[in-house]
Participant: 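There's a structure below that I have some questions on.
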Amino acid sequence: MSEEVEIAGVKVPKADWDTTPASIKAVVVVLSERLSAIEEQLKQNSQNSSRPPSSDGLNKPKAAKAQKAGEQKGKSAHTESSPRNRRPKLYPIERCQAVHIHVPQVCQHCGEALTGRDEAPKRHQIVEIPVIEPQVIEHHLHQLECDCCGHKTRALLPPEVTTTGYGDRLAAVIGWLSGEHRQSHRMVQSLLKTLVGVEISRGSINRIRQQVSEAIAHPVEQAHRHVQGQEFIHSDETSFVQGNGDGQNADGSQGWLWVLVSPLVMVFAVVLSRSQETAKQLIGEAFKGILISDRYSAYGWVEQSVRQVCWAHLKRDFTAMAQRSGVSKEIGEALLLRERRLFHWWHRVRDGTLTREQFIAAVEHLRSGFKAELEAAASLPIGQHEKSPLAKTVRTTRELLKLEAALWTFVYRPGIEPTNNAAERALRSAVIWRRTSFGSQSQAGSDFVARILTVVTSLKAQQRNPVDYLAEACLAYRLGLDPPSIVPEHSQISPVFPVAA
C-alpha cells in the first residue's frame with residue numbers, strides 16, 4: 001500500500017504529491033488555507049469566539065432538562081406551584097389604599113346562617129395603575145411701572161423654578177427612559193404622551209437629555225476617580241458608532257465604548273480610540289489594584305503580577321482549537337480538560353468545600369502541566385505568514401505563554417474572579433442600545449450615553465432609585481449646589497487605594 005499525505009483535508013498518494021510542480025503545490029497550499037479559514041468562520045458561535053449568544057440562531061441544540069424528583073414523566077410542569085401559575089406577591093397591608101371585607105352570610109352546604117370571625121382570612125389583592133395626569137404649575141410674572149422714573153420691572157422666576165418649561169422629575173424620567181431602557185427620542189415622546197399625557201417635541205427631548213448629561217457630569221468624574229482607586233476592577237470595550245454631527249470626528253474614526261467595573265460603581269466612556277494610551281488614561285497609569293480583562297494588547301502595560309486574564313475568553317480559544325482537526329484538535333482538547341478541572345476546583349472553593357490552601361496546592365501541579373502543553377504547542381514549526389488552522393493554534397499558545405503569569409492571579413488573591421463576566425454583563429445593555437440605534441451623532445451624544453449608563457448601572461448595583469437621583473442632580477445643577485454622589489457614602493470616606501492627583 002502506497003504512503004499517503006493529507007493535503008487540504010484530502011489524502012493523496014505521496015508519490016503523486018512529490019512529483020507535483022512546486023508552483024501548483026504553492027497554489028494548493030494557499031487555497032487550502034483560505035478554505036480552512038472560511039470553514040472556521042462558518043463554524044464560529046458564542047462557544048468558540050467572541051460572538052454573542054444571540055448570533056447562534058434558533059437551531060442550536062438545547063440541553064435536556066433534568067427531571068425533578070417526584071415529577072412524573074410526560075406530566076405537564078405547569079402546576080399550581082409553577083412560576084407561570086404562581087400567585088402574585090402580596091404587598092404589605094399598609095400599602096393598601098382600601099381594604100374590603102367579605103363575610104359569607106349562609107352555609108353553602110345547608111343554608112344555615114353563619115356567625116363568628118375568621119382570624120386568618122384569605123388575602124386577595126388587585127394591583128392597578130391609576131390614570132396619571134401631568135401636574136401643570138403656572139407662574140404669572142407681573143410687570144409694574146415705577147411712579148418715580150417710569151421704568152418697567154418684571155418679576156423674576158424663583159431660582160428653584162426651571163426656565164425650560166419642564167420640571168426636574170420629568171427630565172429625570174426622560175434621561176432614565178433614554179438610558180436604562182434605551183428608548184429613542186420618538187419612543188420617549190410616544191411613552192410620555194400615552195402614559196402621562198405630556199406632549200413634548202423631539203427637539204425638547206434632545207435638549208433635556210443634554211441638560212441631564214451636564215447635571216451628572218461631575219458625579220461621573222467623581223465615580224471615575226473612585227473606580228481608579230479600588231482594589232480590583234474589570235475592564236472591557238466594544239465598538240460604538242459616533243458620527244460627525246459636531247465636526248469632532250471628521251476622519252470618521254471608529255468609536256469605542258469602554259467600561260470599568262468595581263463592585264458598586266461602573267464607569268463608561270466613549271472614546272474614538274482603542275489604543276493603549278486610551279486604556280492608560282481610563283484605568284490610570286498610577287492604578288495599584290488588580291485589573292481583570294481579556295488578553296487584548298491595550299492592557300499589556302499592566303504588570304502581569306497585578307493582572308488577571310479572563311478564563312472565559314481562554315475557554316472559547318481552546319474550544320476553537322478543539323473543533324479544528326489534527327494536532328490543533330489534540331492541543332485544544334488537552335487544554336480544555338485542564339480548564340474544566342480548574343473550574344471544578346474553583347466552584348468548590350466558592351461553595352466552601354475546598355479550602356484556599358488545598359486549591360493552591362492542587363493548582364500548582366495543574367499549572368505546570370498546562371504550561372508544558374502550551375510550550376509543546378508553541379514549539380511547533382509554522383511559516384511566518386502561514387494562515388492554516390494549526391498556525392492559528394500555535395500563535396495563540398505563544399501569546400498565552402507571554403501572559404502565563406497573569407492567568408493564575410485569582411488562585412492566590414482572594415476576591416479576584418477568574419473571568420471578566422462582570423464587565424461583559426455591564427456592556428450588554430450598551431450593545432443592545434447600539435444595535436437598535438445609529439449610535440451617537442456627536443461628542444455630546446456620546447457623553448450622554450456614557451454618563452447615563454454610568455449612573456443607571458451603578459445605582460442599580462446599589463439598589464438606588466435612578467429617577468429620584470436624576471431629579472436631585474438636575475435640581476442641584478440648576479441651583480449651583482453640590483450634586484448627589486454616585487459613590488456609596490461608606491466608599492467615599494476611605495477608598496481602598498489612594499488615587500494619585
Participant: Please tabulate, for the side chains in residues 129-139, all donor-acceptor contacts under 3.5 angstrom to protein atoms that are two or more places apart in sequence or on a different chain.
Facilitator:
unit_1, atom_1, unit_2, atom_2, d
E138, OE2, H140, NE2, 2.6

Participant: With a 3.5 Å distance limit and no angle check, can you tell me whether D294 reaches the backbone of C310 through a side-chain donor-acceptor pair?
Facilitator: no

Participant: What's the shortest heavy-atom distance between T419 and H234, and which atoms?
Facilitator: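 That would be O-CE1, 3.4 Å.
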
Participant: Please check this pair: side chain of R209 against backbone of G175, looking for a donor-acceptor N/O pair closer than 3.5 Å.
Facilitator: no

Participant: Between Q462 (side chain only) and L264 (backbone N and O only), is there a donor and an acceptor less than 3.5 Å apart?
Facilitator: yes

Participant: In terms of heavy-atom contacts, does CZ of R186 have more than 12 from other residues, nucleotides or ligands at under 6.0 Å?
Facilitator: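 12 or below, so no.
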
Participant: Verify, without hydrogens or angle tests, whether Q248 (side chain) and N244 (backbone) share a donor-acceptor contact under 3.5 angstrom.
Facilitator: no

Participant: With a 4.5 Å heavy-atom cut-off, do E424 and D236 have their side chains touching?
Facilitator: yes

Participant: Can you tell me how far the CH2 atom of W176 sits from the CZ atom of R169, to the nearest 0.5 Å?
Facilitator: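 Nearest 0.5 Å value for the CH2-CZ distance: 10.0 Å.
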
Participant: Check whether more than 12 heavy atoms from other residues, nucleotides or ligands sit under 6.0 Å from atom CD1 of I93, and answer yes or no.
Facilitator: no

Participant: Looking at NZ of K315 and CG of L336, how far apart are the two atoms once the value is rounded to the nearest 0.5 Å?
Facilitator: 7.5 Å

Participant: Does any part of the side chain of Q308, heavy atoms only, come nearer than 4.5 Å to the side chain of E417, both counted from C-beta?
Facilitator: no

Participant: Just verifying a value: how many Å separate D317 CG and R295 CZ, rounded to the nearest 0.5 Å?
Facilitator: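 Here the interatomic distance stands at 4.5 Å.
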
Participant: If you measure only the distance, is there a donor-acceptor pair under 3.5 Å linking the side chains of T164 and R207?
Facilitator: no

Participant: Between H313 and N420, does any side-chain donor sit less than 3.5 Å from a side-chain acceptor?
Facilitator: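 No, N420 and H313 have no side-chain donor paired with an acceptor closer than 3.5 Å.
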
Participant: Tell me, do L257 and L453 make a side-chain contact under 4.5 Å, heavy atoms counted?
Facilitator: yes

Participant: Would you please say whether a donor-acceptor pair under 3.5 Å links the side chains of D251 and S253?
Facilitator: no

Participant: side-chain contact (heavy atoms from CB on, under 4.5 Å), that's the test. Do H344 and R348 meet it? Break it down for me.
Facilitator: CA-CA 7 Å; H344 172 70; R348 289 188 57 193; 3.9 Å; yes

Participant: Between S273 and T278, which heavy-atom pair has the shortest distance, and what is it?
Facilitator: OG-OG1, 3.0 Å

Participant: Does any part of the side chain of E231, heavy atoms only, come nearer than 4.5 Å to the side chain of K288, both counted from C-beta?
Facilitator: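 Counting from C-beta outward, K288 and E231 never come under 4.5 Å.
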
Participant: Quick one, T162 with Y166, criterion side-chain contact (heavy atoms from CB on, under 4.5 Å). Give me CA distance, side-chain angles, the key distance, then yes/no.
Facilitator: CA-CA 7 Å; T162 174; Y166 300 103; 5.7 Å; no

Participant: If we only count heavy atoms from C-beta on, is the I200 to R202 side-chain gap below 4.5 Å?
Facilitator: no

Participant: When you measure from the side chain of T436 to the backbone N and O of W433, does any donor-acceptor pair fall under 3.5 Å?
Facilitator: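 Flag set: sc T436 to bb W433 pair under 3.5 Å.
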
Participant: In the structure I gave you, are the side-chain heavy atoms of L342 and F410 within less than 4.5 Å of one another anywhere?
Facilitator: yes

Participant: Begin from the C-alpha positions of I486 and Y469 and carry the test side-chain contact (heavy atoms from CB on, under 4.5 Å) through to its verdict.
Facilitator: CA-CA 9 Å; I486 302 171; Y469 173 87; 3.4 Å; yes

Participant: Report the distance from atom OG of S239 to atom CD of Q254, rounding to the nearest 0.5 Å.
Facilitator: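 Spacing of OG (S239) from CD (Q254) equals 5.0 Å.
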
Participant: Cut-off 3.5 Å, side chains only: do R182 and S429 have a donor facing an acceptor?
Facilitator: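 Distance-only check passes for R182 and S429.
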
Participant: Indicate every side-chain donor-acceptor pair of residues 471-478 with a distance under 3.5 Å to a residue at least two apart or in another chain.
Facilitator:
unit_1, atom_1, unit_2, atom_2, d
Y477, OH, E214, OE1, 3.3
R478, NE, D168, OD1, 3.1
R478, NH1, P159, O, 3.3
R478, NH2, E160, O, 2.9
R478, NH2, D168, OD2, 2.8

Participant: Taking the side chain from R307 and the backbone from L407, do they hold a donor-acceptor pair closer than 3.5 Å?
Facilitator: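 Absent.
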
Participant: Indicate the atoms forming the closest heavy-atom contact of I233 with S262, along with that distance.
Facilitator: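 For I233 versus S262, the nearest heavy atoms are CG2-CB, 4.4 Å.
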
Participant: Does any part of the side chain of R225, heavy atoms only, come nearer than 4.5 Å to the side chain of E221, both counted from C-beta?
Facilitator: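 Yes, their side chains come closer than 4.5 Å.
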
Participant: Between atom CG of L192 and atom CD1 of I174, what is the distance when rounded to the nearest 0.5 Å?
Facilitator: 5.5 Å

Participant: I'd like to know if the side chain of S446 pairs up with that of Q242 as donor and acceptor (distance under 3.5 Å, no hydrogens or angles considered).
Facilitator: yes

Participant: Any chance you could lay out the side-chain contact (heavy atoms from CB on, under 4.5 Å) test for M266 and T454, step after step, and finish with the verdict?
Facilitator: CA-CA 6 Å; M266 304 158 200; T454 297; over 6 Å; no

Participant: Answer yes or no: are there more than 12 heavy-atom neighbours, outside E145 itself, under 6.0 Å from its atom CD?
Facilitator: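 Counting neighbours around CD of E145, more than 12 heavy atoms of other residues, nucleotides or ligands fall under 6.0 Å, so yes.
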
Participant: For P466, run the side chain to side chain contact (heavy atoms under 4.5 Å, CB included) check against L459, V173, T457 and tell me which one passes.
Facilitator: L459

Participant: Looking at W256, does the NZ or CZ of R274 lie under 6.0 angstrom from its six-membered ring centre and within 45 degrees of the ring axis?
Facilitator: yes

Participant: Answer yes or no: does atom OH of Y91 have more than 12 heavy-atom neighbours from other residues, nucleotides or ligands under 6.0 Å?
Facilitator: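 Atom OH in Y91 is not crowded, with 12 or fewer foreign heavy atoms closer than 6.0 Å.
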
Participant: Please give me the minimum heavy-atom distance between T409 and Q304, naming the atom from each residue.
Facilitator: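 It is OG1-O, 4.0 Å.
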
Participant: Please name the pair of heavy atoms, one in S235 and one in I283, separated by the smallest distance, quoted to 0.1 Å.
Facilitator: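 Answer, listing the atom of S235 first, then I283: OG-CD1, 4.3 Å.
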
Participant: If I compare all heavy atoms of P263 with all of A461, which pair ends up nearest, and what's the gap?
Facilitator: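 Minimum heavy-atom contact is O-CB, 4.3 Å.
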
Participant: Heavy-atom count around D351 CG within 6.0 Å, excluding the residue itself: above 12?
Facilitator: yes

Participant: Under 3.5 Å, is there a donor-acceptor pair between the side chain of S297 and the main chain of G300?
Facilitator: no

Participant: Would you give the length of the straight line joining atom NZ of K193 to atom CD of E199, rounded to the nearest 0.5 angstrom?
Facilitator: 5.0 Å

Participant: For the side chain of R451 and the backbone of S213, is there at least one donor-acceptor N/O pair under 3.5 Å apart?
Facilitator: yes

Participant: Going by heavy atoms in the side chains, are L314 and F318 under 4.5 Å from each other?
Facilitator: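 Side-chain contact under 4.5 Å: yes.
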
